[in-house]
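Okay, structure first, notes after.
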Amino acid sequence: MLGIIGAMQMEVDALKGLMTDQQVRTISNMEYVAGKLDGRPVVAVVCGEGKVAAAICAQTLILEYNVDRIINTGVAGTLCDALGIKDVAVAQDVVQHDMDVTALGLPLGQIPSLDVLKIPCDKDMVAALERAVQEQGCNWRLGTIASGDMFLHTAERKEFIVRQFGAIAGEMEGASIGQVCYLNHVPFAVLRTISDDASGHAPASFEQFAGEAAELACAIVRRFSALLEE
Ligand code: ADE
């Protein structure tokens with residue numbers, strides 16, 4: 001069964017609306033909706049913003065629902081010139097830009113207990129996402145997606161993340177879901193549509209475009225789930 005995580009209601013609603021045979025459970029204040037998406041078993045959940053909420057959610061999907069894959073869908077701020085509003089970032093890997101144990105000699109972003117700096121996404125899931133995005137005719141890029149417990153809204157922080165990690169998009173959950181999946185040997189992927197510039201215009205742009213961008217991501221995830229089975 002595929003687990004689908006979005007941080008906000010708007011990032012999952014369109015998918016939930018399509019699901020049949022729904023069974024709802026609330027765990028740790030998060031609503032898990034299990035059912036069928038175009039006849040395929042999935043469980044979709046809104047985890048709330050930030051890395052801790054996302055990690056709780058991913059671990060719960062693994063332990064309570066025994067999911068065999070997890071996709072994180074939603075919106076992000078762009079960190080590269082090639083991606084504008086409603087363009088698409090597909091993660092090849094993820095990193096936590098606010099993990100900092102440099103004082104003890106680790107590189108920035110390195111989680112002390114992990115043997116990788118950037119956590120790689122599952123190749124088959126990435127390939128299915130790439131096909132789904134191409135079918136939608138979107139402008140898209142494959143690259144590193146950086147996560148941290150902050151809404152990115154300054155040029156300084158944006159430039160810092162780009163310089164340190166070469167990331168193409170920034171958000172608040174993907175890399176913690178990646179950490180949980182990596183530790184549990186569960187394949188995962190992250191798909192993000194761009195809602196803002198992760199810089200000075202980000203708050204207003206997010207307000208204006210997040211809804212539309214989130215819906216586009218849902219459409220891509222729907223097609224992705226079909227392609228996974230082919
Ligand atoms: N999600 C969408 N836009 C974002 C931003 N600018 N920072 C963090 N997460 C986001």
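Quantities reported herein were computed from a predicted structural model and do not represent experimental measurements.
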Show which side-chain atoms of residues 73-82 pair as donor or acceptor with protein atoms under 3.5 Å away, not counting sequence neighbours.
unit_1, atom_1, unit_2, atom_2, d
Thr78, OG1, Cys80, N, 3.2
Thr78, OG1, Cys80, O, 2.9
Thr78, OG1, Leu83, O, 2.8

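- Residues Asp93 and Ile119 form no side-chain contact, since every pair of their non-hydrogen atoms from C-beta on lies 4.5 Å or further apart.
- Cluster partners of Val12, by chain and number: Val46. The rule joins Ile, Leu, Val, Met, Phe, Trp and Tyr whenever side-chain heavy atoms lie under 4.5 Å apart.
- Side-chain contact check for Gln110 and Asp100: no donor-acceptor pair (N or O, by modelled atom type) lies under 3.5 Å.
- Summarising the geometry of Ile5 relative to Leu61, their closest heavy-atom pair is CG1-CD1, 3.5 Å, with the distance given to 0.1 Å.
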Carefully, step by step, assess Lys86 and Glu212 under the rule salt bridge (charged side-chain N to carboxylate O under 4.0 Å, His left out).
CA-CA 8 Å; Lys86 288 192 264 176; Glu212 279 172 66; 2.3 Å; yes
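- The CG atom of Leu37 sits 7.0 Å away from atom CE of Met19, with the distance rounded to the nearest 0.5 Å.
- Residue pairs that meet the side chain to side chain donor-acceptor pair (under 3.5 Å) test with at least one member in residues 16-30, sequence neighbours left out, are Arg25-Glu64.
- The list of side chain to side chain donor-acceptor pair (under 3.5 Å) pairs with a residue in residues 214-230, not counting sequence neighbours, reads Asp38-Arg222, Glu135-Arg223.
- Side-chain atoms of Glu171 and Ser147 form a donor-acceptor pair, as typed in the model, at a separation below 3.5 Å.
- Between Val33 and Val43, every side-chain heavy-atom pair lies at or beyond the 4.5 Å cut-off.
- Met172 places none of its side-chain heavy atoms less than 4.5 Å from the side chain of Met150.
- For the atom pair OG of Ser176 and CE of Met99, the computed distance is 10.0 Å after rounding to the nearest 0.5 Å.
- Between the side chain of Gln164 and the main chain of Phe160, no donor-acceptor pair closer than 3.5 Å is present.
- In this structure, Gln92 has no side chain to side chain donor-acceptor pair (under 3.5 Å) partners at least two apart in sequence or on a different chain.
- Put simply, CG on Leu216 and SG on Cys138 are 4.5 Å apart, with the number rounded to the nearest 0.5 Å.
- Of all the heavy atoms in Ile177 and Asn72, the pair that sits closest is CD1-CG, 3.6 Å.
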Donor-acceptor pairs under 3.5 angstrom involving side-chain atoms of residues 120-133: please list them, not counting sequence neighbours.
unit_1, atom_1, unit_2, atom_2, d
Asp122, OD2, Asp124, N, 3.3
Asp122, OD2, Met125, N, 3.0

How far apart are the C-alpha atoms of Lys51 and Asp98, what are their side-chain angles, what is the distance that settles it, and do they pass the salt bridge (charged side-chain N to carboxylate O under 4.0 Å, His left out) test?
CA-CA 10 Å; Lys51 292 185 298 167; Asp98 56 356; 2.8 Å; yes
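- Taking the side chain as every heavy atom from C-beta outward, Gln96 and Ile111 approach each other to under 4.5 Å.
- Aromatic rings from Phe151 and Phe206 are positioned such that their centres are separated by under 6.0 Å.
- The side-chain heavy atoms of Arg40 and Leu2, taken from C-beta on, include no pair separated by under 4.5 Å.
- Atom CG of residue Leu152 and atom NZ of residue Lys158 lie 9.0 Å apart, to the nearest 0.5 angstrom.
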Side chain to side chain contact (heavy atoms under 4.5 Å, CB included) assessment of Ser205 paired with Ile85:
CA-CA 9 Å; Ser205 177; Ile85 304 297; 3.4 Å; yes
